[in-house]
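Quick note: numbers below take in every heavy atom, side chains included, and nothing from hydrogens, waters or symmetry partners. The chains referred to below are lettered A, B, ... by the order of the sequence lines, with proteins before strands, and numbering in each begins at 1.
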Amino acid sequence: MITNFKEFKSPARVYIPLTDKEYKLANVKVQVNDSVLKGQVLAYKFKGKVKYPVISSVSGTVVEFKEMMDRYGKIVDHCVIQNDMENKQVELKKYENPTAAQIRTALYQVGLDTMNVDGSFTPLDFEHYNIDHVFINAIFVNEPHYSIEYSFLQENANKISEGVGFIAKAALTENITVFIDKNMPQEVMEQVGIACADKNINFVSIDPRNVDGKALKYIHKTLGSKLGNNILAAGGMYMDCESCKTVYDVVVEGKVPAERNVVLSGDGIKSNAVIQTVSGALLSDMIEFVDGYNEVDEMVCHIGDFLTGTQVTTDEIAVTLTVNAVNFSEYGEEEEDVCIKCGDCNDVCPVGILPQNIMDAELRSVSDRIVELNTDECIECGLCTYVCPSKINVLEWVRRARRRVG
Amino acid sequence: MKFITKKPPIVSSPDKSYKRLLSLHIALIITSISAIFMNGFYNIPEEAGYNLDQSFTVFSMIVIGAIVAFLVELVYALSEGDTTKFNSYRGFVDPINTGILIALLLPITTPVYVLVLAVIVGTYVGKIVFGGRGYYIFNPALVGVLFATISFSSQLGFAEDVVTPLQGLKLVFTDGAMQVLSMQELLIGNFAEIAVGSTSIIVLILLFIYLTNTKVIDLRISGTFLLTVLFMSFGIGYILWAFDNGSTIGYMIVNLLTGLTLFGAVFFVSESVSTPTSRETKLIYGVTVGLLMMLFRTVSENVEGLIYAVLFGNMITPFINRTVKRSNAKSLRITVAVLIVIVLIATAAIGFMLQGQLIELQPAAETALMMGGMM
């Protein structure tokens, strides 16, 4: 249980990565020693011809441009800004009852396109795909192992429900599904129910203690087609409730999306906590803020969801809006057993492909069979590896099989 | 302090293969104790009261089976030059399980050398040759027992006056002699059996529940198998003794509870390594084994038929595994529908065949016991 809630909103310096996983090029708009406002455009990043703004999360002065590791483990250019602690922000237009186009413009202005990257979450891309269905995950990230008091959900229930409405409106759809935790406290449940009373939202309750991919199975069933690695292309938009709250803040209150709740957990650090921070804060500063590391020789720094996140080799990482959790744990390799062909991975797979059979085909190097088994539909959720009683990294075998057939 | 990367997921479920192996180990030890007890205090002439000689025979069979199986694995490990797996109890569990299973499957009259040979064949030819645990195609215990029953069928012979309930069912056709069994005796296990381990029904049912909860038994295989046997024996009995409910239910109960049916459902039918891996194929496998077992029991010379049925199922497992491409609701519906139709047709065919409406069967009594007549 994590009940420790801390605020770390004004770091001395912030480090804004100019590019990311999707957007590989950036066109810088500021120079060293320029003073910038919170929400001011620092650069435009490009994915092909698609252009998105990169904004500053604090007000202050641009100190330098520096090559650092980003949260995906790649070395990219960061814009370093000295915080003047004044928090002056650019004027943003506020909308009372916005239209779809107004919501899209408001989100574009502040560069809010991605808030969840781990697992199957999708970016807020309204332009390039036809969205039929919006799915919201209101379950706490990394839920099977930690649970928090759902205070965030309780406090912001109204904002979240409005935000969900805005996302669906911008996506020109009325089908909304919200996944909620079955074991959520009664009063939170009531609060959410009141907030969503007249919104025509379909609720699906899930017991997150059984890690069985029920949400993904539901999405697969609803969309009814091949999911592949991209739920957007299948007509679904999937994100967490914090994104919805941010969307509400941007559209109605004209706030710059710079804040993010990050869960710091694991036996590698002295105290676990939920930290409200701004994007661009350094992970090492945050660790210092929560009393530092434990005495551990070899540690794994895992950013994102337990099952799907990424790992980095340093803690000099700028936290962005896409970081929802960081886990520091002692490096421990579990002993791999032989595959006992129990078929648990085949049962749990949310898209209904057969990881055990794919692994078998990959071991025997039969490319035809790998293609035949619909290996391309894998969404890399990691559930097969999670359930494996022999502790085999099944997902890695499926990835190898995918690489073999291209 | 140093940061190291490791492929995600970084957490995994608490379920472990070794835990499952250990659950099976515990279940086998309980069955062994039950078998030792049952053979000493039941299944003997009534005036004797108890017979500790039989208890000791069963005990020594189980111990010899376990020791020989372990020795075979140890000799192989020595020849490979790597005995590290025997550093903890972990390495002992699997060979001991195979040894105990073979001992429990053989009759009490088995000579020691037959038992030893059966265990050696089962462990070496059935398991180690294929690469050990996780790689074998056929259930090692059944390979050993099959070898013993084929090669030493006369040495495994039983006294003539002992008639198991399943043999009794065959005699109904030849002699017309009906047997009387009380339900209570059946549940306790006080009836003649070939295999020493397949006695107490109550213990087996409890173990079935325990092993289902610890995920050793997949209910989709064992459950389908039991349902198939239940339905087919009911259908065949119904056709044979039309409208006579007593005989039909009796036929069903004898087929379901006696013989190796329950013992097999607990220990071999859903043994994970040699069975298919996905939902639909597991159902197909369960029905195949159940259907073949009923076919062997009714039409062929075999009294038991389970061992052949399971080995045949193991044999076609790679083929069934190759037929599936993905698992979804549609393929599940098609599989279930096709399987139900197959079971219905097979039941009707076997029932009418036995009744003599389709094929006239030769009287079975005079023909000499062929290969595998024992089981």
Side-chain angles (χ1 to χ4, degrees), chain A residues 73 142 144-145 211 221 268 293 295-302 304-315 327 329 331-334 337-347 349 351-354 356-357 360 369 372-374 377 382-383 385-391 393 395-396, chain B residues 1-21 23-24 85 88 90 94 131-137 214-218 220-221 270-282 285 317-318 320-332:
Chain A
N142 291 348
H145 307 278
V211 188
K221 208 175 149 190
Y293 293 108
E295 295 282 318
V296 177
D297 291 339
E298 294 185 333
M299 206 190 277
V300 172
C301 172
H302 188 90
D305 190 359
F306 279 142
L307 300 185
T308 49
T310 47
Q311 289 176 356
V312 289
T313 48
T314 166
D315 58 356
N327 183 278
S329 51
Y331 180 78
E333 190 130 43
E334 270 178 298
D337 225 327
V338 290
C339 174
I340 57 164
K341 301 186 176 71
C342 59
D344 281 2
C345 48
N346 290 350
D347 294 339
C349 181
V351 290
I353 58 173
L354 309 168
Q356 198 278 331
N357 298 30
D360 202 38
R369 179 77 180 138
E372 197 182 73
L373 284 164
N374 302 303
E377 286 179 40
L383 280 166
T385 311
Y386 176 82
V387 297
C388 182
S390 294
K391 311 298 164 206
N393 199 335
L395 176 60
E396 197 50 34
Chain B
M1 188 194 61
K2 189 166 90 174
F3 285 110
I4 289 181
T5 56
K6 178 184 169 187
K7 293 272 186 218
I10 54 166
V11 291
S12 58
S13 66
D15 194 11
K16 286 199 171 67
S17 331
Y18 178 58
K19 269 191 199 165
R20 297 189 185 183
L21 201 58
S23 306
L24 183 66
K85 77 169 187 173
S88 63
R90 207 185 164 104
D94 189 42
R133 179 173 156 72
Y135 299 103
Y136 47 79
I137 304 171
T214 50
K215 282 181 145 187
V216 177
I217 291 180
D218 195 325
R220 282 167 302 186
I221 299 181
S270 75
E271 197 273 327
S272 69
V273 177
S274 55
T275 54
T277 51
S278 58
R279 189 172 59 182
E280 288 82 2
T281 51
K282 281 180 176 175
Y285 176 85
T317 294
I320 320 178
N321 268 340
R322 229 179 5 257
T323 56
V324 288
K325 293 190 175 118
R326 59 178 308 136
S327 111
N328 54 25
K330 192 183 157 200
S331 57
L332 181 69

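Here A:N393 contributes atom CG and B:S12 contributes atom OG; the two are 10.0 Å apart, rounded to the nearest 0.5 Å. Between the CZ atom of B:R133 and the CG atom of A:D337 there is a distance of 7.0 Å, given to the nearest 0.5 Å. Interatomic distance, B:T277 OG1 to A:I340 CD1, rounded to the nearest 0.5 Å: 12.0 Å. Here the straight-line distance linking atom CG of B:N321 with atom CG of A:N346 works out to 8.5 Å at 0.5 Å rounding. Between A:N357 atom CG and B:R326 atom CZ the span is 12.5 Å, to the nearest 0.5 Å. Annotation: the span from B:D15 atom CG to A:C388 atom SG amounts to 9.0 Å, rounded to 0.5 Å.
Contact annotation for A:E372: both backbone and side-chain heavy atoms come within less than 4.5 Å of a heavy atom of chain B. Within the 4.5 angstrom heavy-atom criterion, no atom of B:K19 approaches chain A. The contact between A:C342 and chain B is made by backbone and side chain atoms together, counting heavy-atom distances below 4.5 Å. Heavy atoms of A:T314 lying under 4.5 Å from chain B belong exclusively to its backbone. With a 4.5 angstrom heavy-atom cutoff, A:D347 touches chain B only via side-chain atoms. Heavy-atom distances place both the backbone and the side chain of A:E298 under 4.5 Å from chain B. Proximity to chain A (any heavy atom under 4.5 Å) is restricted, for B:R20, to the side chain, taken from C-beta onward. Looking at A:V300, the atoms closer than 4.5 Å to chain B (heavy atoms on both sides) sit in the backbone and in the side chain alike.
Of all the listed residues (B:E271, B:K215, B:K282, B:R322), the one sharing the greatest number of non-hydrogen pairs under 4.5 Å with chain A is B:R322. For the options A:K391, A:E295, A:E396, heavy-atom pairs under 4.5 Å to chain B are most numerous at A:K391. The most heavy-atom pairs under 4.5 Å with chain B, out of A:D344, A:I353, A:T310, come from A:D344. The candidate with the highest count of non-hydrogen atom pairs below 4.5 Å against chain B, out of A:V312, A:L354, A:L395, is A:L354. Counting heavy-atom pairs under 4.5 Å between each of B:S331, B:G134, B:S270 and chain A puts B:G134 at the top.
Surrounding NZ of B:K325 are at most 12 heavy atoms belonging to other residues, nucleotides or ligands under 6.0 Å away. For A:Y331, the OH atom counts as densely surrounded, since its 6.0 Å shell holds more than 12 non-hydrogen atoms of other residues, nucleotides or ligands.
At distances below 3.5 Å, not a single donor-acceptor pair connects side-chain atoms of B:S272 with backbone N or O atoms of A:K341.
Listed by chain and number, the residues in a ring-ring contact (aromatic ring centres under 6.0 Å, His included) with B:F3 amount to none (sequence neighbours excluded).
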